[in-house]
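Below is one structure, written out as C-alpha cells, with a few remarks after it.
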Protein chains: 2
Amino acid sequence: MNESRLNLEDIAKKAGVSRSTVSRVINKEPYVSEKTRTRVMEIIEQESFRPNPAARMLVTQRTHIIGVVVPQISNVFFADNSYFPMLLQGTSSAINEHDHSMLLWLQQDGETRQEFSHRIARNRLMDGVVLCSIVESDPIVEAVLDIGLPFVTVERPLGFPGRPLDQFNYVTVDNIHAASMAVEHLIRLGRKHIAHISGHLAIADGQDRLLGYRQALTRAGMLIDENLIFPGFFTRESGYRGMKALLKHKPDAVFAGGDTTAQGAIQAIHEAGLRIPEDIAIVGFDDLDIATQTAPKLTTIRQPVQQKGMTAVSLLIDRIEERAHGPQRVLLPTELVIRQSCGAIPS
Amino acid sequence: MNESRLNLEDIAKKAGVSRSTVSRVINKEPYVSEKTRTRVMEIIEQESFRPNPAARMLVTQRTHIIGVVVPQISNVFFADNSYFPMLLQGTSSAINEHDHSMLLWLQQDGETRQEFSHRIARNRLMDGVVLCSIVESDPIVEAVLDIGLPFVTVERPLGFPGRPLDQFNYVTVDNIHAASMAVEHLIRLGRKHIAHISGHLAIADGQDRLLGYRQALTRAGMLIDENLIFPGFFTRESGYRGMKALLKHKPDAVFAGGDTTAQGAIQAIHEAGLRIPEDIAIVGFDDLDIATQTAPKLTTIRQPVQQKGMTAVSLLIDRIEERAHGPQRVLLPTELVIRQSCGAIPS
DNA sequence: TTGTACGCGTTATCAC
DNA sequence: GTGATAACGCGTACAA
C-alpha cells in the first residue's frame, strides 16, 4: 500500500458508471453488458488500477495469502541442503498460479517451536498454511488446529492425541516402499551387512524410511543388527558422525536417510581409506543436486520435491475454497536412480 | 482470516468501555487510565484477541508486510548454494524483530524478468521490498520506482538511465577491496599466473570483484592476462567449465567469484590430475558452508550474508517509517579466512 | 443490466 | 480520560 492511489469510485467516474459496475467487471461477474465491460476494462488498463487488497480482505474475509512454515530442524534450511529451496520453488509456483501470495515463516535461532507456533498463530493474514518437517504433537499443528486455520502437511502426520487424524490433509511419498526399494537394490547386489543412517526420527519421513529398511531386510530373510542402525538428522554432519560410528561394525553397504546424510557418510568412508562401492556401497534419498556431485555419483531414491510443494498448495486452496471436503492424501511416486555408488551398472 | 472472530466492539462490551478505548490500549496510546488499561488488557489476553489486520491496513495505509524478491539468475536459488537461504534467514529475522511479515517472491522457470516485475508491482500488499541480484536497468527496480514502492537493494545498484542514483538505498560489502585482499593473498604466496573465474558480470558483485582482481594485480606491478579471466555466473557449473577452459593457460592460482564457483573449479582441477594448493592455489568468496567441505578446505573471503539481509530490512523499515531521509548506504566488513587451499599456514 | 445503500473492523477526529 | 462518529475501499443484497 503506497501513496494515494485511485479507487473504484474514481474509475467509475471516469467510465461514467457506478462503483458496483466496476466491481462487477473486475470480479468477472455476469450481468454486465459487453459495451460497458470493455469501456471499464480500458480505463482500468489505462490507469493500471488494482483494487485495494485490504478493503477486499475486509469484506470477503479472504486474504489470498498462503503461509509456508519452515521449522529449523537442525539447520537444514539455511545451510545444509537444497531440499527446502526446491520445496519453496514448488509452493511458490503453485501459489503464483492460483493468484495468491506467499508468506514465508522461518523459525529463528533460539526460538522454541512453541514460540514459533505462537508467532504464526497470532498472525491473521493467511487463508491457510503449508507445514513441513512436523514432529509428533507438533505445537505448530496444534496451534493451527486451535485457531481453525486450514493447513496441509508435506509429510504424513504423526500422532496427535485427541485430534481426529482423519481430518489431516497431506502430500508425501511412500517412504516405506521407497526405502525398501533402496535396500533391496543393495541386497540384490549381494551386500550382506547393510547399515542405515536414519533421517530425523521425530519426523515421519525419517521413521518411515527406517521402517522400510527393516521390512526389506526381513523380507529377504536377513537379520536386523541394531548396531548397524544409526539415528541421524538429515544433515551432512550426522551422516559423517554416523558413518564413523558404523564403520566399527564393518558394514558393506549403507542406506542413508537423505542425500546430504549420504554426502557426510561418503566423506567418512573416504577418510577411513575405504572405497565406494568396492568396500562399501551407499544409497541416498531425495536425489538432490549434490547426488551428482559426490565421488562417485550417488545412487539414490528420487522424490519430486517441487511437486510436493505444488501439490500441497493445490490441496490447501481446494480446502480453503471448499471445493474439497473429506481428508485428502496424495502419494507422489519415487524412483530408484542408479549411479555409481553401489557398483551396479546404470542401464 | 478465518471464521468468525471477535472484534474491537466485542472486547469493548466485555470490558464495559468503548471501542476507541480498546483501540487505544492495543496501540499503546496515552490518555488511558491504568485501571481501564489493565482491565482491557486482561480481556484481550483471555480471549486472545488480535485486531483484524485488513481493517487496520485499510485505515492506516500500512500493511506491515515486507517483500523479498529473489530473481532466478542461473538457478542460484533453488539448487546451487546456500547464499539465498542465509540471506532469507537474515531478512526473516529482522522482519520478525520489527513485527512485520515476509512475503517471498521467487522468479519462476520460464518467467521473464519483465513478467516477474509486473507480478510484483501488481501486488499492493507490501510496504516495501528487499531486492537482490539486480542487474543493469533492472525491470524490477524500474517497476518499484514507477509505483513508488520503497526498496533497498542488497547490492550496489548499477546504472539506471534517467533515475537519480543518489536516491537508492543499499547494503553490500566492499567487493573491490575484498577481491583485492584475496588476490593479494595469492600474490604474497608467490603465485605468478593468477586466474579469475568471475561471478555474474551483469551483477555489481560480479563486476566489482573482477575490478578488485584487476586492481590488485596492477598494484603489484603484474600484467593482466585477459586469457586468465573467465566470465562465470556464481554457479558451480560455470566454475567447472571455467576452470577447464583456464587450465589451457596454465594458471598457478585462481580467484573464484564465489565459493560455489570455487567448488566447481576444484573438481575440474582434480579431474585434470593437478594438486591443490601445490599446482594451483584457489581462493573463493562468501565463506558458505561448502567452504569447509571441499578437499582441501577453501581459503575464502567471508561476508556476513545474514547480516546483509538484516541490515537491508532495517534500512527499509527506517525509510518506510520516514525515520531516515537521505540515501542510506551500508558497507559491511569482509575478512580473509585462510584454510588449506592456498598453501598458507592458517595462523 | 445498472445503481443505491449498507457493512466489513479498524483508526482518527472530534466533542464531552 | 473517554465515547460517538466519520472515514478507509470494497463487495453485495436489494431496488430500480
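In what follows, chains carry the letters A, B, and so on, assigned in the order in which the sequence lines appear, proteins first and then strands, with residues in each chain numbered from 1. Here the structure is a predicted model, which means the values were calculated and not measured.
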Between N or O atoms, less than 3.5 Å apart, protein on one side and nucleotides 9-13 of chain C on the other: list the pairs.
unit_1: C:dT10; atom_1: OP1; unit_2: B:N52; atom_2: N; d: 3.0
unit_1: C:dT10; atom_1: OP2; unit_2: B:L8; atom_2: N; d: 2.5
unit_1: C:dT10; atom_1: O4; unit_2: B:R19; atom_2: NH2; d: 3.4
unit_1: C:dT11; atom_1: OP1; unit_2: B:N27; atom_2: OD1; d: 3.4
unit_1: C:dT11; atom_1: OP1; unit_2: B:N27; atom_2: ND2; d: 3.1
unit_1: C:dT11; atom_1: OP1; unit_2: B:R56; atom_2: NE; d: 2.7
unit_1: C:dT11; atom_1: OP1; unit_2: B:R56; atom_2: NH2; d: 3.2
unit_1: C:dT11; atom_1: OP2; unit_2: B:S23; atom_2: OG; d: 2.6

Check: Does a side chain donor of either A:Q108 or B:S92 reach within less than 3.5 Å of an acceptor in the other side chain?
Finding: yes
Checklist line | Axis deviation across the helix from C:dT1-D:dA16 to C:dC16-D:dG1, five-pair ends, to the nearest 10° | finding: 40°
Item checked: Contact under 4.0 Å: A:T36 side-chain N or O vs C:dT2 OP1/OP2 -> yes
Note to self: Quiz question: by atom type and distance under 3.5 Å, do the side chains of A:Y83 and A:K308 form a donor-acceptor pair?
What the structure shows: yes
Next item on the list: Could you pull out the closest heavy-atom pair between A:P157 and A:T153, with the gap in Å?
Entry: CD-OG1, 4.1 Å
Check: Under 3.5 Å, is there a donor-acceptor pair between the A:S33 and A:T36 side chains?
Finding: yes
Margin query: Under the salt bridge (charged side-chain N to carboxylate O under 4.0 Å, His left out) definition, can you give me all pairs with a residue in residues 130-145 of chain A, not counting sequence neighbours?
Written below: A:R113-A:D138, A:E142-A:R163
Margin query: Which residues pass the side-chain contact (heavy atoms from CB on, under 4.5 Å) test with A:T60, not counting sequence neighbours?
Written below: A:R62
Notebook entry, point to check: Between the side chains of B:N123 and A:S101, is a donor N or O closer than 3.5 angstrom to an acceptor N or O?
Noted result: yes
Notebook entry, point to check: Is the backbone of B:E34 close enough, under 3.5 Å, to the side chain of B:T38 for a donor and an acceptor to pair up by distance?
Noted result: yes
Tell me which donor-acceptor pairs under 3.5 Å the side chains of residues 44-51 of chain A have, and how far apart each pair is, sequence neighbours excluded?
none

Next item on the list: Please find the earliest and latest nucleotides of DNA chain D, in the 5' to 3' direction, that have an atom within less than 4.0 Å of any heavy atom of chain A.
Entry: D:dG9 to D:dA13
Next item on the list: May I ask you to decide if the ring planes of A:H64 and A:H100 are parallel, tilted or perpendicular, using 30° and 60° as cut-offs?
Entry: tilted
